[in-house]
Every structure is written in structure tokens, then in C-alpha cells.
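Inspection log for the structure reproduced underneath, given as C-alpha cells.
Chain letters run A, B, ... following the sequence lines, proteins first, then strands; residues in each count from 1. Quick note: numbers below take in every heavy atom, side chains included, and nothing from hydrogens, waters or symmetry partners. All values reported here derive from a predicted model rather than from experimental measurement.
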Amino acid sequence: MVEIHTRFSPSPTGYLHVGGARTAMFNWLFARRHGGTFILRIEDTDVARSTEEATQAILDGLGWLGIDWDEGPYFQSQRLEIYQSYIDRLVSEGKAYYCSCAPEELDARRKAAMAEGRKPKYDGACRNRDIEKGPDTVVRFRAPEHGTTVVHDLVKGATVFENAELDDLIIQRSDGMPTYNFAVVIDDISMEITHVIRGDDHLNNTPRQILLYEALGCPVPEFAHVPMILGADRSRLSKRHGATSVLAYKEMGYLPQAMLNYLARLGWSHGDQEIFSREELIEKFSLENVGKSAGIFNPDKLLWLNAHYIKEEDPNKLAQLVLPFLEQQGIKVEDVSYLARAIPTLQPRSKTLVEMAGGMPFYFKDELEYEEKAIQKFFTPDIKGIMQQILEELKGLPFFRREDMEAAFERFCAEKDIKFKKIAQPLRLILTGKTVSPGLFELMEVLGPERVVKRLERGIKYLASMA
RNA sequence: GGUCCCAUCGUCUAGUGGCCUAGGACAUCGGCCUCUCACGCCGAAAACACGGGUUCGAGUCCCGUUGGGAUCACCA
């Protein structure tokens, strides 16, 4: 049995977007699932648009998602001799020919054809002119004019194309660079790709590529065209639909597991299961369960998954991940283990790392500024006395465990005949400066007696100044 | 416009001719829990695009219509 080879072949003209990430992931999962080889290949034959920054951005994006490759990255720009040898072979065998039609002229003919409602395909002007190679000539593939080409697709089934619909595509530009359709085929042949998994926007290219395989006498790989990802308005996903760069989600505080899980479930399913670990994905992924129709990118569901994975993640790992976000707020953490102890109090209430970091400042600042509106609402005249008593109560506690405090407060409230509800918000304001926070007992446990006492004393002083 | 693909709740989907009174999840709405905000739990509303066939029986098969998408480059 032949070992499975898949590949992800982005063109380095921009960042890694979610659609690309998903096709990369499908290829990766399929290879991992079957113990095959996953290859990364950079399609940079479009010299004008390809950049090194984009290449790096794509590598970074894959790295963040944890999609690793076994071979590459290969660069098409470094494989020019290979393409050239195949082109020479095709030309010498009469299966390709030089063409000297001017681009502007072709463009004009194409537009005219479109305007008249005819097929805008190459008219074969240079097909039999036996033109010699020149400075402005391109190489065209001599495609069959009759018959049909069938694409057997693992997700779409069989699709029949009339060869008459296809035209003689350019396989080498006048500057010597191969074109996409040709370079892909040559690379997939030489890298022994067995399964081509890509977006279904390539389905129409496939018959041309199959013709090339046949002309070269090479076996045709399996194809799997996965549906595209659309925006909320059903048009192709783009910036105006929100963030589309995978790394933008990293910056917004998303976890890679969430992105991976979300992207996998968009267009693929395994019964009713929604949550998949990386290992489960590898174990359960199959092309048969990839759907046929396009899917709409749903940020809400991604956010929900992110919240889920934040709840699940190990606090120590989250501490490391949240560090840069805290720094963005000007908070420098000296004691990471203290941070790690604070993390669990925010886990169930944070959908992103950004949100988590946003709920943490009070853990690191003693000089808190109380919310203006809350002062008026909760710092009522009777509060000062109560807070003084609470301070004494807390000072008397041998341990600062949440259960002890909870018990102490229960006793205290019963003795003084006051509802805990009445003192919760003022106390929260004194300890966190805000009206929204993790539970008081868990938060005090993390803060520890020293900070709590200090803040209470400061709060009482503030209350005294109000009178 | 030609060609190609697609079509189950708002969204992602389960469903492979009888298990469908169409299931799950996100979002929405209501309730419970509660020291705030969340989490969690319970519940509600919400779909087989339409029209013809085939069949004892169709969300499931076929055809058409409609709608959406892709593609027609010396881009990939």
C-alpha cells in the first residue's frame, strides 16, 4: 500500500486566514489519521505578490494552531528547473506550444466574447503556427478539443467536464515562471501527493490538471474539494466580516484548541459531538463526513468554544498565556504562582484571555479607585461600622481559607442580624474597586490576609472621610 | 452570460427509504441557582426552499424550478 501524502500549499500573499487554516488542518488531520506525510509547500510563482513576511505569517499561524509538517516548506520559486524540464518535454512531444498573442489583445478578445455572450476562452490562434520561443512568448498546453474529463471527488462525487469547455491554458509565462495549474501538478507528482484536499473553488481547475497528469503519463491523485467558508451575508469571507486572520484571534485572546475545534466542526461532523480534542480529531477525522455545502463563519460559536477551553485549561498554562495581555494593561507580574492561583477565579467568567486579563487588575493593585456610581449606591452611612467589625472578625481568623471565611461571615451575619447581601457589594467595592468580580471568598483566599486587611483599612478610612 | 458546485431551525449540523411527532450544538427567550458578574442546570421558540415524479412509504432516490456560491487571468 502506498503511503498517504497530503500537502498544504498556500501562496504567500497575505496572512493565514481561517479558510486556509481549515484546509491545512484537514490535510494535516488526514495525514495524521492514516500515518501519512504532511507536506508544506509555498506557492510563490507570483513574484509580484509574494512576500517573505507573508510566508512567515503563515508559518506562525500554523505554528500557533499546532499544525506541524513532515516535509518542507518547499518553495516553488526554487524548483524552476524541475518545471522547465517538464515544459521542455511537453513541447518536444508536441503537447505544448509557444504562443505570441499579446495579453492586451487576449484581454480584448475575452471581453468581446463575454459581451456577446460567447465563451471567453482562448481561440487557439497560435496552436498550429509553430512559433519559436521568443522574449514575449508563453507556453500553452495543447488540450484535447473533444471528449470529457471526469473528476472523481471524495466529497463531491463524480463531476463530468466537456473538454470543449476547456482551452489551451498557459503553463509558462513569458518571464519563464510556471503558472499555478502547471506548477501544482508537477509538484504534486514529484512529491507523490496521494490526496489533494483543497477548497472547492479549485474544482473547476481540476479537469485541466487531470489533463496535464494524463499528458505526462502520471497517475492522478485522489481529490477532495471541501466547501468554502462564507461570511454572515453568504459572500466570500473577508475582512468586512470581522477578523479572518488566524493570528488575529490569538491576539484577541483565543486558544488554539478552540480555533481548531471550531474549524473542524465547520463542514465536518461526527454525529452529535461538538467538543473534540486534538487527539480525538486525529482519531475521528474522515473525508466521508465532510459536508458538501458552504458554511458560514460563526464567531459566536467560536467564542463559546473558547470559553469552554478556558474553563478546561490548566491554570498554570493559562497564567503563562495571560501574561502578555496583563502587560498590555501595564501590569507586571512578579509572582507567577500568585497569578496562577488567581486564574481559577476568572476561568468560568472569561470567554477570552483578554477578558480574563481585564478582570484581574485588582489582584495586583492595592490602591484601588472605587467606581463612582457604586460609591453612592453602596457606601451608605452604616457601612463603615460594619466594615470595622468585619475587619476585626477577619483578623481573628487562624486560616484564610474560603470555607473558614464563609463560615465566619455566616456566623457574623446571624449574630448581627444582617443579610450578607447587604455587605457583599460594599465589601467587593473595597476589595476590588468594582461591582463585578469573582466570588468574595475565593477572591479573598487568593488575596490573602495581608492584602485584605490593608484594603479594608483603606476602605474604612475612605468611608470615614465621607461622613 | 457559459460551465461547475450546493440546498434540514437565524447559524453549524445529525439524518444514508419506514427508528422523524425531524435529534444535538451556538445564538435568542423564559425559569432555577446566587454575594455581583459569570458558570451551571431546567424549559421554550425555531428547519426538511418550491413543484413534479419513483415507491406501499421520501428529509432521504430522480427530474425541473428557484435561490445561493465558485470559476472563466502571463492570480493562486
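- With a 6.0 Å cutoff to the six-membered ring centre and a 45° limit on the axis angle, A:Arg140 counts as a cation-pi contact of A:Tyr122.
- In this structure B:C4 sits in a base pair with B:G69, meeting the Watson-Crick or G-U test at under 3.5 Å.
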### Task
Between protein and nucleotides 6-21 of chain B, map the contacts as a letter string: B base, S sugar-phosphate only, - none, heavy atoms under 4.0 Å, written 5' to 3'.
SS---BBSS-------
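- Legend: residues meeting salt bridge (Lys or Arg N to Asp or Glu O under 4.0 Å) with A:Lys434, ordered by chain and number and at least two apart, are absent.
- A:Glu165 pairs by the salt bridge (Lys or Arg N to Asp or Glu O under 4.0 Å) definition with A:Lys119, not counting sequence neighbours.
- For the OP1/OP2 pair of B:U36 and a distance below 4.0 Å, the side-chain nitrogens and oxygens of A:Lys421 include at least one atom meeting the criterion.
- Base pairing annotation: B:A22 forms no Watson-Crick or G-U wobble pair, as no partner gives both donor-acceptor distances under 3.5 Å.
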### Message
Base contacts versus sugar-phosphate-only contacts with protein, heavy atoms under 4.0 Å: please encode nucleotides 38-43 of chain B as B, S and - from 5' to 3'.
### Response
BSS---
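- Comparing the P positions of B:A44 and B:C5 gives an interatomic distance of 42 Å, to the nearest angstrom.
- No contact: A:Asp233 has no heavy atom under 4.0 Å from any strand.
- The aromatic ring centroids of A:Phe38 and A:Phe30 lie 6.0 Å or more from each other.
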Show me the side-chain donor-acceptor pairs of residues 411-424 of chain A shorter than 3.5 Å, one per line, residues at least two apart or across chains.
residue	atom	partner	partner atom	Å
A:Arg411	NH1	A:Glu393	OE2	3.4
A:Lys422	NZ	A:Asp382	OD2	2.9

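- When the P atom is compared between B:A7 and B:A14, the two are found 11 Å apart, to the nearest whole Å.
- Figure legend. B:G43 is base-paired to B:C29; pairs are counted as Watson-Crick or G-U wobble with both atom distances under 3.5 Å.
- Contact check, A:Thr159 against B:C5: a side-chain N or O comes under 4.0 Å of OP1 or OP2.
- Here, B:C42 and B:G64 have their C1' atoms 47 Å apart, quoted to the whole Å.
- A:Trp28 has its ring centre no less than 6.0 Å from the ring centre of A:Phe8.
- When the P atom is compared between B:A45 and B:A22, the two are found 11 Å apart, to the nearest whole Å.
- Listed by first and then second residue, the side-chain hydrogen bond (donor to acceptor under 3.5 Å, both in side chains) pairs that reach into residues 301-310 of chain A are A:Asn261-A:Tyr309, A:Glu274-A:Lys301, sequence neighbours excluded.
- Base pairing of B:G51 is made with B:C63, judged by Watson-Crick or G-U wobble geometry with both donor-acceptor distances under 3.5 Å.
- Atom P of nucleotide B:C74 and atom OH of A:Tyr122 are separated by 11 Å, given to the nearest angstrom.
- Under the 3.5 Å distance criterion, the side-chain polar atoms of A:Glu442 are left unmatched by any main-chain donor or acceptor of A:Thr345.
- Using cut-offs of 30° and 60° on the angle between ring planes, the pair A:Phe285 and A:Trp268 is tilted.
- Across all strands shown, B:C74 forms no Watson-Crick or G-U wobble pair with both distances under 3.5 Å.
- Rounding to whole angstrom units, CG of residue A:Asp300 and P of B:C26 are separated by 11 Å.
- When the shell of 6.0 Å around CD of A:Glu132 is examined, it contains 12 or fewer heavy atoms from other residues, nucleotides or ligands.
- For A:Arg236 and B:U71, the shortest distance from a side-chain N or O to OP1 or OP2 is below 4.0 Å.
- Residue A:Thr45 has a polar side-chain atom (N or O) positioned under 4.0 Å from OP1 or OP2 of B:A76.
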### Message
Before you tell me yes or no, could you show the steps for A:Phe141 and A:Phe182 under ring pair (Phe, Tyr, Trp, His ring centres under 6.0 Å), namely the whole-Å CA-CA distance, both residues' side-chain angles and the distance that decides it to 0.1 Å?
### Response
CA-CA 9 Å; A:Phe141 174 63; A:Phe182 184 71; 8.5 Å; no
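- The P atoms of B:C4 and B:U13 are separated by 25 Å, rounded to the nearest whole Å.
- Comparing B:A70 with B:A25, their C1' atoms sit 29 Å apart, to the nearest whole Å.
- Between the base of B:C74 and the side chain of A:Ser174 there is a donor-acceptor pair shorter than 3.5 Å.
- For the P atom pair drawn from B:C26 and B:C19, the interatomic distance equals 27 Å after rounding to whole Å.
- Taking for each of A:Val160 and A:Glu442 the nucleotide of RNA chain B with the nearest heavy atom, the 5'-most of the two is the partner of A:Val160.
- In textbook terms, a nucleotide whose glycosidic angle is within 90° of 0 is syn, while B:C50, being further out, is anti.
- Annotation: B:G18 and B:G1 have their P atoms spaced 40 Å apart (nearest Å).
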